Amino acid sequence: MRAVQSTLFALVVASSNAFAEMTLNLTEGVSPISRDVYQLHMTIFWICVAIGVVVFGAMFYAMFHHRKSKGAKPAQFHSHPVLEVAWTIIPAIILVLMAVPASKVLFEINNEDNPDITIKVTGYQWKWHYEYLESGVSFFSNLSTPADQLHNLAPKGPNYLREVDHPLVVPIHKKIRFLITSNDVNHAWWVPDFGVKRDAISGIINEAWTRVDKPGTYYGQCAELCGVHHAFMPIVVIATTEQGFNDWVEQQKGGGAKAEADTNREWTMKELMANGEQVYSRICAACHQPTGLGSPPTFPALKGSKVATGPVDAHVEEVFNGKSGTAMQAFKSQLSDVELASVITYERNAWGNNTGTLVQPIQIKALRDGKPIADALATKPQAGGGTALEPATPPASATPPAPAAQPATVAPSSAGTLKDAIARGEKVYQNTCAVCHQPTGAGMPPTFPALKGSAIVKGPVDGHIDRVINGKPGTAMQAFKDQMNDQDLADVITYERNAWDNNTGTLVTPNDIKAKRQGAQSKPTGSTK
């Protein structure tokens, strides 16, 4: 008997520990609405617990004390007016008491008055489009999990299916109104930490709002079954300070001049192939597969296809305007001129297609401006100009990076001096890292630690490279190995190690990054103080 008791006690303790590690309740969140919803949920929960205790207590008491074995005789009656009135009125009173706090929260959820910022959110199969109505900034946010992870060809990262190429950025302590709609089928924009979940329906605009109290990175997803890749449209929101947000907005606006220059200049085949491979892996590979073999009949193969190896105007037309009656969307509003030209060129020359066809971004721009497709494809780009894969401006004859399975790298000779690397790295930092760690490197501890004078930045360079490439599980630090090429990674690490009076003198090169990707120890070639 004692052994049985010991076993039961052990099972109870083990189950208690297991339940302690499980998350079965709602999240309390980081916004007033999410906390109000959580408190309302807990209030109703305990009311239900009290009702259950009373009802089941009375039932079990009656069953035990008035059982037949004790000689109880059932009463003979057909109605009891007082009891019937009581069990009608009491539940009605309870419902009214529950309706008061519920109505208060419901009214607050739908109070979108006086927003500080308005963001239009549009669902696409299968991505999100964000448009900041006051500032005019807009972009698409796509899943950035590498295709190899999706197809179980590589180990899954810590943010598997929860990482995007362009996260939504919002300021803390500001009322943000969301206008939510869809471009195609029904979606649902859901971020649990904000207490926001709204259906995205084509032709209808639903409203929601939030005010984030705590800086950090918050995750959500589409909550409406919207097609075969429903699981591949996550939501990532970075909440930062008002100054950090304003700096980010200015950076987004400042990218227009460079984008225009990239569109107008003449690109080489190798440049377009390298850039197109990245666009294809990010946008197209989920449907048409990394190998170009597709998933017929819904997603036809591109390898050896009539579209990819036939007349270029038909190929451009289909990618630009889509194909009605099929799953092929129109990408003219989803991709830039450079991205469209690159991915079309890549599809026409990858997997043995080898058509030799080269589409220039200026030709896509001409088509976008309303020219007939034949005239658009006859448009000539400007000779010379810089490259899109590095901030430097080499001559048009410079050898660009070759296509590769991993993000494109730049030859070590382009790394230049420490001063050049710092200048390039500052641009990468401002575009990618400053939202979290701030332009001054001061960060927003504890979520986003300071880089100025930090142990990781001023310590061994190998640890710094590893942190940036592979991230840090359990924190907001993402892995950037699949989000940046070797040159950008080398430059931004060099910048962090020498900015804000860190002054380590370390110069990290693309070869150091490549060695780290391959598992070797980093040995920076630059001088150190």
Side-chain angles (χ1 to χ4, degrees), residues 12-13 15-63 82-117 119 121 162 170-180 187-201 206-224 235 237 239 446-447:
V12 170
V13 171
S15 62
S16 299
N17 292 336
F19 279 114
E21 296 175 358
M22 296 177 67
T23 304
L24 299 177
N25 207 350
L26 294 179
T27 179
E28 194 167 353
V30 294
S31 72
I33 288 298
S34 64
R35 286 191 289 271
D36 288 346
V37 171
Y38 177 81
Q39 293 299 330
L40 176 63
H41 159 74
M42 295 307 299
T43 299
I44 303 302
F45 172 77
W46 288 117
I47 290 175
C48 292
V49 169
I51 293 173
V53 169
V54 172
V55 172
F56 284 100
M59 184 179 70
F60 287 127
Y61 176 84
M63 291 168 61
V82 175
L83 186 60
E84 291 177 356
V85 170
W87 70 38
T88 300
I89 292 178
I90 292 176
I93 294 174
I94 293 174
L95 288 174
V96 171
L97 294 176
M98 294 168 68
V100 171
S103 299
K104 181 180 178 181
V105 173
L106 190 62
F107 285 135
E108 187 64 19
I109 288 175
N110 289 281
N111 179 18
E112 295 93 3
D113 296 339
N114 303 316
D116 297 303
I117 296 173
I119 301 174
V121 181
R162 302 184 72 198
V170 299
I172 57 176
H173 306 313
K174 295 290 184 180
K175 185 171 184 179
I176 303 163
R177 180 176 64 159
F178 298 106
L179 305 177
I180 302 173
H187 303 277
W189 199 80
W190 177 42
V191 181
D193 284 303
F194 295 171
V196 174
K197 181 184 178 187
R198 281 289 188 275
D199 287 340
I201 303 172
N206 288 323
E207 296 185 61
W209 72 275
T210 191
R211 181 183 287 112
V212 186
D213 296 331
K214 180 181 177 183
T217 301
Y218 303 101
Y219 296 91
Q221 63 194 65
C222 176
E224 184 72 33
I235 300 163
V237 184
T447 306

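From a predicted model like this one, the values you see are computed outputs, not experimental measurements.
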Taking side chain as C-beta onward, heavy atoms only, is [X] less than 4.5 Å from [Y]?
X	Y	answer
Thr210	Ile33	no
Phe194	Val237	yes
Asp213	Pro32	yes
Val212	Asp193	no
Ile176	Ile119	yes
Val196	Trp189	yes

Any chance CG of Asp113 has more than 12 other-residue heavy atoms, nucleotides or ligands included, within less than 6.0 Å? yes
Quick one: pull up [atom1] in [X] and [atom2] in [Y] and give me the separation to the nearest 0.5 Å.
X	Y	atom1	atom2	result
Lys197	Asn206	NZ	CG	12.5 Å
Lys175	Asn111	NZ	CG	4.0 Å
Leu83	Thr88	CG	OG1	9.0 Å
Thr27	Arg35	OG1	CZ	10.5 Å
Asp199	His187	CG	NE2	11.0 Å
Cys222	Ile235	SG	CD1	7.5 Å

Would you be so kind as to tabulate the donor-acceptor pairs closer than 3.5 Å made by side chains of residues 40-49, with sequence neighbours excluded?
| from | atom 1 | to | atom 2 | distance (Å) |
| --- | --- | --- | --- | --- |
| His41 | NE2 | Asn25 | OD1 | 2.8 |
| Thr43 | OG1 | Gln39 | O | 2.9 |

Please check if the side chain of Arg198 supplies one atom and the backbone of Glu207 the other of a donor-acceptor pair under 3.5 Å.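 Side chain of Arg198 to backbone of Glu207, a donor-acceptor pair under 3.5 Å: yes, one is there.
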Search all heavy atoms of [X] against all heavy atoms of [Y] and return the closest pair with its distance.
X	Y	value
Trp209	Glu112	CD1-CG, 4.1 Å
Gly195	Ser31	N-OG, 4.4 Å
Pro192	Ser34	O-CB, 4.4 Å

Show me the pairs that pass salt bridge (charged side-chain N to carboxylate O under 4.0 Å, His left out) and involve residues 84-109, at least two apart or across chains. none
